[in-house]
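Working notes for the structure below.
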Amino acid sequence: MSQDATKLIHHPYRAPGGFEAVVPGVHKASTVIFENTAALKTRQWKDKSGYTYGLHGTPTTFTLEERLATLEGGLQTLLAPSGLSALALVNMGVLRAGDEVLLPDNVYAPNKDFVRVELAHWGISHRFYDPLDAAGLASLIGERTRLMWLEAAGSVTLEFPDLIGLLQVARQHPKVITALDNTWGGGLAFDAFDLGLPAKGDSKGVDLTVHALTKYPSGGGDVLMGSVTTRDERLHQQLKMTHMRLGLGVGANDVELVLRGLPGMPLRYAAHDAGTRRIAQWWAKRAEVASVLHPALPDSPGHAHWAQSCSGAAGLVSVVFDEAQYSSERVEAFVDALKLFKIGYSWGGPMSLVMPYGLQGMRQFGALGGKKDGTLVRFAIGLENVDDLLADLDQALRVLA
Ligand SMILES: *Cc1c(COP(=O)(O)O)cnc(C)c1O
């Protein structure tokens, strides 16, 4: 009996190498075996020349990292267990006690929360800036400013920032690292490392990007993962050490799902984009809404900046209901009346989603035409037939009447 157990663990059979399939294999490990103590002492993982421990990388994670670096236009990528943990990794890897971090007013709210609460505990201060006011940014950058977040388009309200203008100001301060949350653009709408700016090191754009792979790279609504991509080797190694010390790991089965989702991502992105533009244009003709927020619409905040660097757009559109006419209760009744649009956080999967937000207290700067009240509803457009989605919106709007 015990003899069988040993044989089952130390089995002599080795499958032949050279197996080549369309998709890469899925390798799982905590322990990685060294053939002898010399290998133990010499094997390197930081340059991806070898394997030492599951957390330090497997053929599966290295493969996804390399493909994401290509998608983002970077050179190196690190994987994290969620988009939010990738944002936290950058904050913790770059900032030290006494430093200051700048965030756009419309930054992904959990990043705002991380900075306000967790980083404050470590003696790191923060300031918010207006993403549409590049000139105003200059006066906010000081001696202690070390990190500046950018997001294009911003979360929920979808203003497209003056990316080029903001980067021109920030890049006059070599100590300031510019970090873009690139989830919306997905590496497809624009090239974050080549925005046509003069080269700073190896980049003609930002210093690093973060991508919530949870969204379009997965595309299934069934994976949580994030990534950090750089072009600068020193910055990459700095973040990699923080990544290692924090013990951030991702499961091989989740990596497999993202690897499977990636090849179809450009086609899905284009389909989400086309459907969303139709729906945004439909909303623009409806009297119920005071504004429709989608960077490709000429009236949407930051449209000119979007047009400067993008052709594509993600599948998100927000509408602001006329507050004088429609109370939040009535807007919520409209949301509840939707049948195909399901109420839920996140986006990027096949199913269309809807989420209401109260505007009060949401923004410091007047990007929404100074509007501070009322209800905003964000739609994440999935891959359903667009006519069916429009019919669903139309029937639900009848409860508003
Ligand atoms: C969803 C999202 C994240 C966080 O991703 P999770 O995997 O859900 O943690 C970060 N930034 C943006 C812009 C997002 O939309």
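Residue numbers run from 1 in the order of the sequence given. Atoms within a ligand are numbered from 1 in the order they appear, just like the ligands themselves. The figures that follow rest on heavy atoms only: side chains count, while hydrogens, waters and symmetry mates do not.
Remark: Arg96 pairs with no residue by the salt bridge (charged side-chain N to carboxylate O under 4.0 Å, His left out) rule, at least two apart or across chains. Arg43 meets the salt bridge (charged side-chain N to carboxylate O under 4.0 Å, His left out) test with Glu35; sequence neighbours excluded. Partners of Leu353 under the side chain to side chain contact (heavy atoms under 4.5 Å, CB included) rule, at least two apart in sequence or in another chain, are Lys342, Ala380.
In plain terms, the two heavy atoms of Leu166 and Pro161 that are nearest each other are CD1-CB, 3.9 Å.
Figure legend: Lys112 and Phe128 shown as a cation-pi pair, the cationic atom lying under 6.0 angstrom from the six-membered ring centre and within 45 degrees of its axis.
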Check ligand 1 for N or O atoms under 3.5 Å from a protein N or O and list each pair with its distance.
residue	atom	partner	partner atom	Å
ligand 1	7 (O)	Gly83	N	2.8
ligand 1	7 (O)	Thr214	OG1	2.5
ligand 1	9 (O)	Gly83	N	3.2
ligand 1	9 (O)	Leu84	N	2.8
ligand 1	11 (N)	Asp181	OD2	2.6
ligand 1	15 (O)	Lys215	NZ	2.5

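Each of Arg146, Arg127, His126 was compared with Glu100 under the side-chain hydrogen bond (donor to acceptor under 3.5 Å, both in side chains) criterion, and only Arg127 meets it.
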